[in-house]
Amino acid sequence: MKRVLRQRLVCALAAVALSGCVSNVPTPNADLRHTGYADMSPTLQAMQLDDTQNPAMLWVREGEALWSKTPASGQSCASCHSMNTSTNTSAASIKTAATRHPAFDDGLNQPVTLARRVDLCRQRHQNQPPQNADGPEVLALSAWLTHQSRGLPIAPSTDARMTAWTQRGEQLYRARMGQLNLACTHCHDQYAGQRLGGAPIPQAHPTGYPTYRLEWQALGSLPRRLRACMTGVRAEPVAADSVEWVALESYLMKRAAGMKMEGAAVRP
Ligand code: HEC
Ligand code: HEC
């Protein structure tokens, strides 16, 4: 009975949210450390691994240039965060920054994502107007920073002030939403490893963001990916400036603790 219901739900879901139907894969993925990369075709995997083929590298290179660029007012990122000497603690912290965010910002008294951290430095130290995670400079700099962390394990912040935020993120992850009345956990824990409309349902690990998505023909942030999931279940995406994004991202990073960062990744 349960199985019939489940099959019906998944088919309804596939028919409404996406085209096609779920193929008959009986057991969800038992391996809870499975990246979206592992589900990709060998061709796409090769594209991601080859820096000369990976389209995300265009943003990484742009981010690298912005990093050393001296703005009209204020200092360059590089001048405050020197990457040149192996003894420089700042260099080490920049290398791992993508693995440790969201992290708590004392000034704001709330956690900030890596993109927000970049934007705060732009505003505080370069007098630049604010940009969201998909703003051109923030996206490129985030891609470059993520690339510095390639191969390093996700190491969520251990700051005690993060706990309430991570818990809030987990509540959101488990809350039903939208006309399809599904939570993130239904697809990404229960049905992960099955196929929806021909595409494998991944476990939703944030190891490769920002990512170059072929469907977008562009690099996009993690919130952009999550908005696509929310509209997929016919839910109103959370407002762009809502603190719920950082809560959700904090939980996803905690859930993926120890998994290796892919650097600027590619997704179908
Ligand atoms: C109806 C099922 C469904 C629901 C509900 C859903 N997603 Fe997804 N999600 C998917 C599918 C399918 C993909 C892969 C799409 C693709 O590759 O085209 C995906 C991709 C992702 C990815 C990218 C993983 C990677 O390896 O790049 C993340 C992260 C993610 N979802 C998080 C979430 C979160 C957080 C929620 C709840 C707010 C959510 N999803 C709700 C189906 C769902
Ligand atoms: C005037 C010096 C200064 C400049 C310029 C500057 N930052 Fe920062 N940055 C800081 C300070 C100070 C912090 C610590 C957090 C805070 O107080 O804002 C920080 C923190 C960071 C962190 C988090 C590091 C960690 O270990 O968690 C990142 C990432 C970062 N900055 C990126 C950038 C980028 C990208 C730029 C250029 C757009 C930039 N910064 C420009 C001073 C600077």
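Starting from 1, each residue takes its place in the sequence as its number. Counting starts at 1 for both ligands and their atoms, following the listed order.
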Between [X] and [Y] (side chain of the first, backbone of the second, donor and acceptor by atom type, cut-off under 3.5 Å), is there such a pair?
X      : Y      : answer
His186 : Tyr191 : no
Ser157 : Asp159 : yes
Thr35  : Ala38  : yes
Arg100 : Ser93  : yes
His81  : Cys77  : no
Gln148 : Trp144 : yes
Thr231 : Arg227 : yes
Gln45  : Tyr37  : yes
Trp245 : Ala239 : yes
Ser149 : Lys95  : yes

Could you tell me which atoms of ligand 1, counted from 1 in the order shown, lie closer than 4.0 angstrom to a heavy atom of [X]?
X      : value
Met177 : 37 (C), 38 (C)
Cys187 : 1 (C), 2 (C), 3 (C), 4 (C), 5 (C), 43 (C)
Arg213 : 16 (C), 18 (O)
Gly36  : 26 (O)
Ala183 : 5 (C)
Met230 : 38 (C)
Ala204 : 24 (C), 28 (C), 29 (C), 30 (C), 32 (C)
Val233 : 1 (C), 5 (C)

(request) Specify side chain, backbone, both or neither for Ser76, according to which of its non-hydrogen atoms lie closer than 4.0 Å to ligand 2. (result)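 For Ser76, only backbone atoms sit under 4.0 Å from ligand 2.
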(message) Can you tell me which portion of Gln126 lies within the under-4.0 Å heavy-atom range of ligand 2? Options are side chain, backbone, both, or neither.
(response)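 The answer is the side chain.
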With only distance considered, is [X] within less than 3.5 Å of ligand 1 through an N or O on each side?
X      : value
His188 : yes
Tyr37  : no
Tyr173 : no
Arg267 : yes

(request) Check whether any side-chain heavy atom of Pro136 sits under 4.5 Å from a side-chain heavy atom of Gln131, and report yes or no. (result)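 Of all side-chain heavy-atom pairs linking Gln131 with Pro136, at least one is under 4.5 Å.
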(message) I need the full list of side-chain hydrogen bond (donor to acceptor under 3.5 Å, both in side chains) pairs touching residues 253-268, with sequence neighbours left out, sorted by first then second residue.
(response)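 Residue pairs with at least one partner in residues 253-268: Gln48-Glu262, Tyr173-Arg255, Asp189-Arg255, Thr207-Glu262, Glu262-Arg267.
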(request) Note the single closest protein heavy atom to atom 24 (C) of ligand 2, along with its residue, its atom name and the distance in Å. (result)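 Ranked first by proximity to atom 24 (C) of ligand 2 is Ser93 OG, 4.0 Å.
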(request) Report the nearest protein non-hydrogen atom to atom 25 (C) of ligand 2: residue, atom name, distance rounded to 0.1 Å. (result)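 Heavy-atom neighbour on the protein nearest atom 25 (C) of ligand 2: Arg100 NH2, 3.4 Å.
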List every atom of ligand 2 that sits less than 4.0 Å from any heavy atom of [X], numbering the atoms from 1 in the order shown and giving each element.
X      : result
His101 : 23 (C), 27 (O)
Arg124 : 18 (O)
Arg122 : 38 (C)

(request) Verify the cluster assignment for Leu49 and Leu214: are they in a single hydrophobic cluster under the rule of side-chain heavy atoms below 4.5 Å apart? (result)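 The answer is yes; both residues are in one hydrophobic cluster.
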(request) Report yes or no: is the cationic atom of Arg168 (NZ for Lys, CZ for Arg) closer than 6.0 Å to the six-membered ring centre of Trp165, at no more than 45° off its axis? (result)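 No; the conditions do not both hold, so Arg168 does not lie above the ring face of Trp165.
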(request) Taking side-chain hydrogen bond (donor to acceptor under 3.5 Å, both in side chains) as the test, write out the residues that go with Gln179, two or more places apart. (result)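 Gln179 satisfies side-chain hydrogen bond (donor to acceptor under 3.5 Å, both in side chains) with no residue once adjacent residues are dropped.
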(message) Test of understanding: with side-chain hydrogen bond (donor to acceptor under 3.5 Å, both in side chains), list the residues that count as partners of Gln167, not counting sequence neighbours.
(response)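 side-chain hydrogen bond (donor to acceptor under 3.5 Å, both in side chains) check on Gln167 returns nothing, list empty.
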Ligand 1 versus [X], non-hydrogen atoms closer than 4.0 Å: side chain, backbone, both, neither?
X      : value
Arg225 : side chain
Ala228 : neither
Arg174 : neither
Gln203 : neither

Looking at ligand 1, is there an atom of it that comes within less than 4.0 Å of some heavy atom belonging to [X]?
X      : value
Thr211 : no
Tyr191 : no
Pro202 : yes

(request) Test Leu114 against every option in Leu141, Val138, Asp119, Thr146 by the side chain to side chain contact (heavy atoms under 4.5 Å, CB included) rule and name the one that passes. (result)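 Among Leu141, Val138, Asp119, Thr146, the one meeting side chain to side chain contact (heavy atoms under 4.5 Å, CB included) with Leu114 is Thr146.
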(request) Could you tell me whether Asp106 and Arg161 make a salt bridge, using a distance below 4.0 angstrom between a side-chain N and a carboxylate O? (result)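 Looking at Arg161 together with Asp106, the answer is yes, because their closest N to O distance falls below 4.0 Å.
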(request) Specify whether the nearest protein heavy atom to atom 34 (C) of ligand 2 is under 4.0 angstrom away. (result)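 At least one protein heavy atom is under 4.0 Å away.
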(message) Among all the protein's heavy atoms, is there at least one whose distance to atom 40 (N) of ligand 2 comes out below 4.0 Å?
(response)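 Yes.
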(request) Taking 2.8 Å as the upper limit, name the protein N, O or S atoms near atom 8 (Fe) of ligand 2. (result)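 Listed by chain and number: His81 NE2, Cys121 SG.
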(request) Indicate the atoms forming the closest heavy-atom contact of Pro223 with Glu249, along with that distance. (result)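 Closest approach of Pro223 to Glu249, heavy atoms only: CD-OE1, 4.0 Å.
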